[in-house]
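Worksheet: the structure to be examined is printed underneath.
These numbers were taken from a predicted model, which means no experiment stands behind them. Residue numbers begin at 1 in each chain, while the letters A, B, ... track the order of the sequences. Heavy-atom basis, side chains included; hydrogens, waters and symmetry copies ignored.
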There are 2 protein chains.
Amino acid sequence: MPRNRTEDDPKASLRGRAATINDIARLAGVSKKTVSRIINRSPLVRADTREKVETLMREVGYVPDPMARGLAFRRSFLIGMIYDNPTAQYIVDIQYGALDALRDSGFELVVHPCDSRNPNYVDGVRRFVQQQKLHGVMLVPRVSEDQAMADMLAEVGCRYARIASVLLDNPERMVVTHDRDGAAEVADYLQSLGHRDVAMITGPATYRSAIERTLGFVGALERRGIELPKSRLVEAGYTFESGVAAAEKLLAGKKRPTAIFCGNDEMAAGVYRVALRTGIQIPKQLSVVGYDDSPLASRLWPPLTSVRRDTRDTGRMAAAMLLQTDGAPRPLSSVRPHLVIRDSCQPPA
Amino acid sequence: MPRNRTEDDPKASLRGRAATINDIARLAGVSKKTVSRIINRSPLVRADTREKVETLMREVGYVPDPMARGLAFRRSFLIGMIYDNPTAQYIVDIQYGALDALRDSGFELVVHPCDSRNPNYVDGVRRFVQQQKLHGVMLVPRVSEDQAMADMLAEVGCRYARIASVLLDNPERMVVTHDRDGAAEVADYLQSLGHRDVAMITGPATYRSAIERTLGFVGALERRGIELPKSRLVEAGYTFESGVAAAEKLLAGKKRPTAIFCGNDEMAAGVYRVALRTGIQIPKQLSVVGYDDSPLASRLWPPLTSVRRDTRDTGRMAAAMLLQTDGAPRPLSSVRPHLVIRDSCQPPA
DNA sequence: CTGAAAGCGCTTACAG
DNA sequence: CTGAAAGCGCTTACAG
């Protein structure tokens, strides 16, 4: 004789409702506290009880309600991504990386761009963090470089992960991108090609990345016996237009540098623009190197040699750091840039 | 004699805790139900009661807890953004637009990229929507064009806003981008310059935008007495590399078209690449037009004439549509593309 | 127009 | 190793 369908199939007894912790407890014949322990991976559950309950959860497709859990925990299952205004590709890559780490974790990614030039922007983030009771936030440059932001988060007890070119904080809260090394590699490469009169277009000194890339480039040149005069170092704004203006300055005089390293690809595109307008051939008469290895680098002609950063990995590490809750020691999260050689450089004429 | 500080300043009685609905009710001398009515903009509250409670809320900086509210409502205050794999700039612009609409609404944006080539991707979105009890989702092309996705969302009772080139659904759930019109404008422009032997590199026919841009271009040409032979219509993949391959095909023969319209800027960059390699001068020997007006368009040389879409507005409209809850009739959300003329076209030689 | 009771689906604090 | 009670901060359903 066929058994009652309700007994046969635990799913049927729910009549299409999503299961709750009470359903699981009832169907498994345990208390909801025991189910809760299993949800939260408590070791205080007998192996066979755990096995039975987990099987049941899988059968009925039970997933705990993040809002109920969040309400009881006084903390949501949301990770915030706080960023200022870098390039679209960078932002999207960080997001993809973060989502790689969050996949199947029960956590979701909430995006929160902001304007760090606004004097109240830290307060805006504070409200966001407190109202949503965020589990943690990822801080992307340049927001990540702002100590006032980190201090505010520490004050309100929100964990954070800072992505920056150098170790600005406790290693447990950092992903370090070592921009100095990437820039040094560019210097070594240009020197190896025989360049001695080189120039650099840097990003704004308000960005730590701009400072690090400059230090790395200048330092490595010095180590190889090449000095970079002040006139060969032009600060620009990490934008195409500012790159055009800087290139005009560097390429105006009689004695031009034979190579220019740009703090990012956008500014390198500005150098290309000026070179095209003024009839300077790249790489024959001028070598150019960028930083970011953005899609633009391979769209330009000739394809731009540039420093690649593993942005997706960076995002993944930052998010993973926020999920780890056991307090176990971890090695420093660190991602290394490396030079991608294309066709924009050759030995000087 | 100074009054007790606790009586004087309602904030002090909280001793640094965030206020809850109970605090507000107690301090205002009303029931929590009345506070709840005010939070939810119920008209069933006397004006002076409302005034008193709202003032108090402002004074103590009270904001209702989204998780508690969500738990009781059985629906979160999260908007999901579902997208497949378009360009980074497009995704970021949609996000910015959505956040414009969500600002100060109490809603947050949760990003959810997915892979529409995966046969189970609709189920993945279903789990996301149900587990998070999303308030609504924005569907970005090409996901937005998938009827199975819309059907699933209707089935589980999740509201959605579809961004697409044509009206695929109830106008209350659509933002229409009219790609056909943008492409028609390109045809008119090229015809007005005197081009008669033109070509088009289209996106993949699995994208509705690719079909619409093709129809718009071909249709407008026909209206002006120009027929586009099959050989002048090459399908590519919306990528730089596929644009290169398509351009090689179009520019190989003796009799080249005098103008090429590309379904997006990435493919137009591919045409530039082939023109540079083969010594074809743009715009002197070949006019080129793109679609998207991405940053790339103005980085290329000569700067690329392209169709601009107001992506940020598109995102704003889609999010705003999800927030509107009063069911009042709205005009169709619609955004018009327009041609941005730069230096990549001139009359044929 | 206003409120007391019960409940949303979980966890914490305590007891055994 | 397991569970009964109380509570997280709101809303719904009902009553007045």
Side-chain angles (χ1 to χ4, degrees), chain A residues 14 17-54 56-57 60-78 106-107 130-135 157 325, chain B residues 14 17-54 56-57 60-78 106-107 130-135 157 325:
Chain A
L14 300 171
R17 283 189 305 109
T20 71
I21 196 172
N22 289 309
D23 297 316
I24 300 296
R26 178 174 42 81
L27 291 168
V30 299
S31 74
K32 59 201 276 195
K33 178 62 216 173
T34 297
V35 180
S36 174
R37 285 202 177 87
I38 289 167
I39 292 171
N40 293 294
R41 288 164 173 60
S42 159
L44 303 175
V45 180
R46 243 172 44 207
D48 57 337
T49 310
R50 174 185 304 279
E51 177 62 30
K52 180 176 62 179
V53 175
E54 281 178 343
L56 183 63
M57 287 174 165
V60 304
Y62 170 72
V63 181
D65 183 315
M67 288 187 291
R69 227 144 85 88
L71 179 61
F73 271 136
R74 295 158 189 77
R75 168 170 289 165
S76 76
F77 289 84
L78 300 175
F107 287 84
Q130 292 192 309
Q131 286 173 17
Q132 300 298 324
K133 295 200 171 70
L134 294 184
H135 179 267
T325 177
Chain B
L14 300 171
R17 282 190 304 110
T20 71
I21 196 173
N22 289 309
D23 298 316
I24 300 296
R26 179 172 43 77
L27 291 167
V30 299
S31 75
K32 61 201 274 196
K33 179 60 217 174
T34 297
V35 180
S36 174
R37 286 204 177 84
I38 289 166
I39 292 170
N40 293 295
R41 288 165 175 56
S42 159
L44 303 175
V45 180
R46 243 174 42 209
D48 56 338
T49 310
R50 175 185 304 280
E51 177 63 28
K52 181 175 65 181
V53 174
E54 281 180 342
L56 183 63
M57 286 175 165
V60 304
Y62 169 72
V63 181
D65 183 315
M67 287 186 291
R69 228 144 85 87
L71 179 60
F73 271 137
R74 295 159 190 76
R75 168 170 288 165
S76 76
F77 289 84
L78 301 175
F107 287 84
Q130 292 193 307
Q131 286 173 18
Q132 300 299 323
K133 296 199 170 70
L134 293 185
H135 179 267
T325 178

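Following rounding to the nearest Å, A:Arg26 (CZ) and D:dT2 (P) show an atom-to-atom distance of 20 Å. As rounded to whole Å, 14 Å separates atom P of C:dT11 from atom CE of A:Met67. Atoms NZ (A:Lys33) and C1' (C:dC14) sit 11 Å apart, rounded to a whole Å. In this structure, the CD1 atom of A:Ile24 is 18 Å from the C1' atom of D:dT2, given to the nearest Å. Atom P of nucleotide C:dG9 and atom CE of A:Met57 are separated by 15 Å, given to the nearest angstrom. Distance, B:Gln131 CD to C:dC10 C1': 15 Å, rounded to whole Å. We find that NZ of A:Lys32 is positioned 12 Å from C1' of C:dT12, with the value rounded to whole Å. Spacing between atom CZ of A:Arg74 and atom P of C:dT12 amounts to 8 Å, rounded to whole angstrom units.
Closest contact between the side chain of A:Thr34 and the listed nucleotides D:dT2, C:dG9, D:dC10 involves D:dT2. Side-chain atoms of A:Ser36 lie closest to C:dT11 of the nucleotides D:dT2, C:dG9, C:dT11. Comparing D:dC10, D:dT2, C:dG9 by their nearest atom to the side chain of B:Ala72 picks out D:dC10. If you check C:dC10, C:dT12, D:dA13 against the side chain of A:Tyr62, the one that comes closest is C:dC10. Listed nucleotides: D:dA4, C:dC1, D:dC8. Nearest to the side chain of A:Ser31: D:dA4. With C:dT12, D:dG9, D:dC1 as the candidates, the nucleotide lying closest to the side chain of A:Arg46 is D:dC1. Listed nucleotides D:dG3, D:dC10, C:dG3 differ in distance to B:Arg69; the shortest reach to its side chain belongs to D:dC10. Closest to the A:Phe73 side chain, of the nucleotides C:dG9, C:dT11, D:dC1, is C:dT11.
Counting distance only, with no hydrogens placed and no angle test, the side-chain atoms of A:Arg37 and the base atoms of D:dT2 include a donor-acceptor pair under 3.5 Å.
Under the Watson-Crick or G-U wobble criterion, with both distances below 3.5 Å, D:dC14 is paired with C:dG3.
When B:Arg46, B:Arg50, B:Lys52 are each tested for a salt bridge (Lys or Arg N to Asp or Glu O under 4.0 Å) with B:Asp48, only one passes: B:Arg46.
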CA sep, side-chain torsions, deciding dist, call: A:Phe77, A:His135, ring-ring contact (aromatic ring centres under 6.0 Å, His included): CA-CA 6 Å; A:Phe77 289 84; A:His135 179 267; 7.1 Å; no
Candidate pair B:Gln130 and A:Val63, rule side-chain contact (heavy atoms from CB on, under 4.5 Å), full reasoning: CA-CA 10 Å; B:Gln130 292 193 307; A:Val63 181; over 6 Å; no
Trace of the side-chain contact (heavy atoms from CB on, under 4.5 Å) decision for B:Val45 with B:Val53: CA-CA 11 Å; B:Val45 180; B:Val53 174; over 6 Å; no
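Take the nearest nucleotide of DNA chain C for B:Leu44 and for B:Ala68: the residue whose nucleotide is more 5' is B:Leu44.
Using a 4.0 Å heavy-atom distance criterion, A:Asn40 is classed as a sugar-phosphate-only contact.
The minimum heavy-atom distance between A:Arg26 and A:Asp23, with the atom names listed, is NH2-OD1, 2.8 Å.
Using a 4.0 Å cut-off, some side-chain N or O of A:Thr49 falls inside it from OP1 or OP2 of D:dT2.
Using modelled atom types, one side-chain atom of A:Asp65 and one backbone atom of A:Met67 make a donor-acceptor pair closer than 3.5 Å.
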